[in-house]
Amino acid sequence: MPKKPQQTAARAASRADKRKSPISAAKRPASSGQHEAAERIARALEAIASHLAAASPASSATAAFGSADAFVWHPDGRLAPVPHVSRVDLGLLKGIDRVRDILIENTERFADGLPANNVLLWGARGMGKSSLVKAAHASINLERKPADRLKLIEIHREDIESLPALMDLLRGSDFRFIVFCDDLSFDGNDASYKSLKAVLEGGIEGRPDNVILYATSNRRHLLAREMIENERSTAINPGEAVEEKVSLSDRFGLWLGFHRCSQDEYLAMVKGYCAHFGIQLAEDELEREALEWSTTRGSRSGRVAWQFTQELAGRMGVRLAGK
């Protein structure tokens, strides 16, 4: 009889152990699950941080402004520095003295913090429109301290819709910027010109005070003539249909026209290039070959003069230093 309480106690302890064992078994996977959850949370936080960094390139782009004087804008928010700009010296640009002086004066005023106009350089192809912009930028920066240098940012024609994002990036900088678009024009039903209009004038924010826009085009109104005529012929009110698109060029304060050069101006360009790069040839022979070259090309322009200079230099074994 006295053993019964002991047996009863032993059985009770065994039952208690059985009840505890599943609980302890449940606790072991719970610890592993918590560890996995913590790892998932850490990975998610890292992904969020990387996305935020990619979506906010402003800080890295702003820090890079001091690394170069020229950049190329990419619509994903990147500003790629250009360590060496492909350009010619300002003194080598012949036959465009008047527009050269106007552009230099406008750019100097902007660099000094004074009011200046957006500029549309339009006209004959190959007459130095884009070369003048790059040469003017280099000329203005020649004797300026690094903190006072103008920054040249090229935006490609197909990226015009991202122009407002670029303006937001530049707005808070202490530097001053020339935003440059080469060969700007619009065709068909292209509506990206509206982004440019909003930046030039008319938008709520408008153009930042530290930004000016320079554009080159073969078209004075940035639109093909047949596009304008089509708008006139199909619209209920032809004047209103064309007005919105033609008004784009009106928002550039300066229009600088480039026209086909004369024979004397063309020869002056060739002689200027040859003197600069040390290409020596009798004057009468140089003129004869240069005119023959322009005849085969069917035009006279700064581009044709440069192409002839490259041909002549290669034939005579002269290296074009700095190009």
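In what follows, residues are counted from 1 in the order of the sequence shown. None of the values given here were measured: they were computed from a predicted structure.
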Check whether any side-chain heavy atom of [X] lies under 4.5 Å from a side-chain heavy atom of [Y], and answer yes or no.
| X | Y | result |
| --- | --- | --- |
| L291 | F308 | no |
| N106 | Y214 | yes |
| F258 | L132 | yes |
| L166 | L79 | yes |
| I160 | L184 | yes |
| E285 | R288 | yes |
| L312 | F277 | no |
| I212 | V119 | no |

Kindly check if the number of other-residue, nucleotide or ligand heavy atoms within 6.0 Å of [atom1] ([X]) is above 12?
| X | atom1 | result |
| --- | --- | --- |
| D174 | CG | no |
| Q280 | CD | no |
| Q310 | CD | yes |
| R315 | CZ | yes |

For the pair [X] (side chain) and [Y] (backbone), establish whether a donor and an acceptor sit closer than 3.5 Å, ignoring hydrogens and angles.
| X | Y | value |
| --- | --- | --- |
| R207 | V211 | yes |
| K151 | A68 | yes |
| Y273 | I279 | no |
| K129 | A124 | yes |
| S139 | A135 | no |
| N141 | L150 | yes |
| R100 | K94 | no |
| S162 | A165 | no |
| S217 | D183 | no |

Following the transitive rule for hydrophobic clusters with a side-chain heavy-atom cut-off under 4.5 Å over Ile, Leu, Val, Met, Phe, Trp and Tyr, establish whether [X] and [Y] coincide in one cluster.
| X | Y | result |
| --- | --- | --- |
| L93 | I102 | yes |
| V82 | F180 | no |
| V88 | V85 | no |
| V72 | V179 | no |

- Query: Taking S301 as the fixed residue, which of R260, M269, M127, Q307 is the one that meets the side chain to side chain contact (heavy atoms under 4.5 Å, CB included) rule?
  - Reply: M127

- Task: Please report the C-alpha distance between K271 and E283 in whole Å, then the side-chain angles of each, then the deciding distance to 0.1 Å, and finally whether the salt bridge (charged side-chain N to carboxylate O under 4.0 Å, His left out) criterion is met.
- Result: CA-CA 9 Å; K271 293 175 182 178; E283 184 173 351; 2.9 Å; yes

- Message: Using a strict threshold of under 4.0 Å (side-chain N to carboxylate O), is an ion pair present between R144 and D112?
- Response: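 Here D112 pairs with R144 in a salt bridge, since their nearest N and O are under 4.0 Å apart.
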
- Please determine if D89 and R87 form a salt bridge, counting it only when a charged side-chain N lies under 4.0 Å from a carboxylate O.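 Counted as a salt bridge, because a side-chain N and a carboxylate O are separated by less than 4.0 Å.
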
Say you draw a straight line from [atom1] of [X] to [atom2] of [Y]; how long is it, rounded to the nearest 0.5 Å?
| X | Y | atom1 | atom2 | answer |
| --- | --- | --- | --- | --- |
| R251 | N117 | CZ | CG | 14.5 Å |
| I96 | L256 | CD1 | CG | 10.0 Å |
| E105 | L254 | CD | CG | 9.5 Å |
| R176 | D148 | CZ | CG | 10.5 Å |
| E289 | D284 | CD | CG | 10.0 Å |
| N210 | L170 | CG | CG | 6.5 Å |

- Query: Once the angle between the rings of F71 and F65 is folded into 0 to 90°, is it parallel (under 30°), tilted (30 to 60°) or perpendicular (over 60°)?
  - Reply: perpendicular

- Query: In terms of ring plane angle, is the pair F177 and F175 parallel, tilted or perpendicular, where the classes change at 30° and 60°?
  - Reply: perpendicular

- Atom of L92, atom of G272 and distance for their closest heavy-atom approach: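 Minimum heavy-atom contact is CD2-O, 3.6 Å.
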
- Query: Taking all atoms of both residues into account, what is the closest heavy-atom pair of L169 and W73, and its distance?
  - Reply: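 Looking at all heavy atoms of both residues, the closest pair is CD2-CZ3, 3.7 Å.
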
